[in-house]
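In this text the structure is predicted, and so the values were computed from the model without any measurement. We're numbering straight along the sequence, starting at 1.
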Amino acid sequence: MDFCTALGNALDNAIEACINLSTHTSRYINVKFSLESDNYISVEISNPVEGIVQVENNHINSTKNDNLYHGFGIISMKECVQKYNGKLEFKQKGNIFYVKLVFKN
């Protein structure tokens, strides 16, 4: 259940990022599952973005106007991966944004 929660939130964020792209930018979401080692599974989700995504201390603040009711998805993802001794990473390379979830198997 926790895996689905984290994956669902990551995919929701990627979908929303794609919806917010201008029409001249290709929209896609890549999902890659892999084994990190015998005991860990990772999921990396990547999607195009326009501009720089502000990541501070491995956290992204909500860009929505009403921050009081938004931003819980990332907190939920962090809690899910921490529960299974995993990790959550965000990075941007050029105009591609990556989210990596790692769970102990």
Side-chain angles (χ1 to χ4, degrees):
M1 185 66 145
D2 292 318
F3 178 80
C4 291
T5 297
L7 180 60
N9 278 302
L11 287 170
D12 283 345
N13 290 343
I15 291 166
E16 185 171 341
C18 285
I19 288 170
N20 290 328
L21 292 171
S22 61
T23 56
H24 69 274
T25 303
S26 296
R27 291 178 171 95
Y28 65 86
I29 298 171
N30 287 328
V31 181
K32 177 183 169 186
F33 292 86
S34 60
L35 292 174
E36 291 283 311
S37 67
D38 290 339
N39 295 324
Y40 289 88
I41 185 169
S42 72
V43 181
E44 184 175 80
I45 299 168
S46 61
N47 56 274
V49 293
E50 293 174 341
I52 303 296
V53 178
Q54 297 297 320
V55 179
E56 295 179 20
N57 297 322
N58 206 35
H59 183 78
I60 302 169
N61 291 323
S62 178
T63 57
K64 296 181 179 145
N65 293 332
D66 187 2
N67 288 345
L68 183 62
Y69 297 105
H70 299 287
F72 297 108
I74 291 173
I75 294 168
S76 177
M77 288 189 292
K78 284 183 180 182
E79 289 173 352
C80 290
V81 297
Q82 288 173 350
K83 183 176 177 180
Y84 296 94
N85 299 317
K87 62 184 176 179
L88 174 64
E89 296 175 342
F90 303 104
K91 67 180 177 184
Q92 184 173 353
K93 290 184 182 177
N95 68 334
I96 309 298
F97 190 76
Y98 299 85
V99 176
K100 185 173 184 180
L101 303 156
V102 180
F103 289 88
K104 190 166 187 176
N105 194 1

Check whether [X] and [Y] end up in the same hydrophobic cluster, where Ile, Leu, Val, Met, Phe, Trp and Tyr are linked by side-chain heavy atoms less than 4.5 Å apart.
X: Y40; Y: V31; result: no
X: F97; Y: V81; result: yes
X: I74; Y: I19; result: yes
X: L88; Y: I41; result: yes

Next item on the list: Identify the two heavy atoms, one from N9 and one from M77, that lie closest to each other, and give their separation to 0.1 Å.
Entry: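 In this case the closest contact between N9 and M77 is CB-CG, 3.7 Å.
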Margin query: To check you understand the geometry: which heavy-atom pair defines the closest contact between I96 and S46, and what is its length?
Written below: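 Of all heavy-atom pairs spanning I96 and S46, the closest is CG2-CB, 3.9 Å.
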Check: In Å and rounded to the nearest 0.5 Å, what is the CG to OG distance from L35 to S42?
Finding: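 Separation between the atoms: 8.0 Å.
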What I'd like to find out is whether the side chain of [X] reaches to under 4.5 Å of the side chain of [Y], using heavy atoms alone.
X: R27; Y: P48; result: no
X: N47; Y: V49; result: yes
X: I45; Y: I29; result: yes
X: Y98; Y: Q92; result: no

Notebook entry, point to check: If you measure from the Lys or Arg side-chain nitrogens to the Asp or Glu carboxylate oxygens, is any gap between K91 and E89 under 4.0 Å?
Noted result: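 Salt bridge between K91 and E89, a charged N being under 4.0 Å from a carboxylate O: no.
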Notebook entry, point to check: Is E36 salt-bridged to K100, cutoff N-O under 4.0 Å?
Noted result: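 A salt bridge is present here (some side-chain N lies under 4.0 Å from a carboxylate O).
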Note to self: Taking V99's backbone N and O only, do any of them form a donor-acceptor pair with E44's side chain (distance below 3.5 Å, no angle check)?
What the structure shows: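 Absent.
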Next item on the list: Say whether, by atom type as modelled, one donor and one acceptor occur between the side chain of T25 and the main chain of L21 under 3.5 angstrom.
Entry: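 No; zero donor-acceptor contacts below 3.5 Å.
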Notebook entry, point to check: Is there any salt bridge (Lys or Arg N to Asp or Glu O under 4.0 Å) pair reaching into residues 2-15, and which pairs are they, with sequence neighbours excluded?
Noted result: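 Listed by first then second residue: D2-K83.
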Next item on the list: Please lay out, stage by stage, how T5 and S76 fare under the test side chain to side chain donor-acceptor pair (under 3.5 Å).
Entry: CA-CA 8 Å; T5 297; S76 177; 5.5 Å; no
Note to self: Under the ring-ring contact (aromatic ring centres under 6.0 Å, His included) definition, can you give me all pairs with a residue in residues 3-36, not counting sequence neighbours?
What the structure shows: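 Output for this query lists F3-F103.
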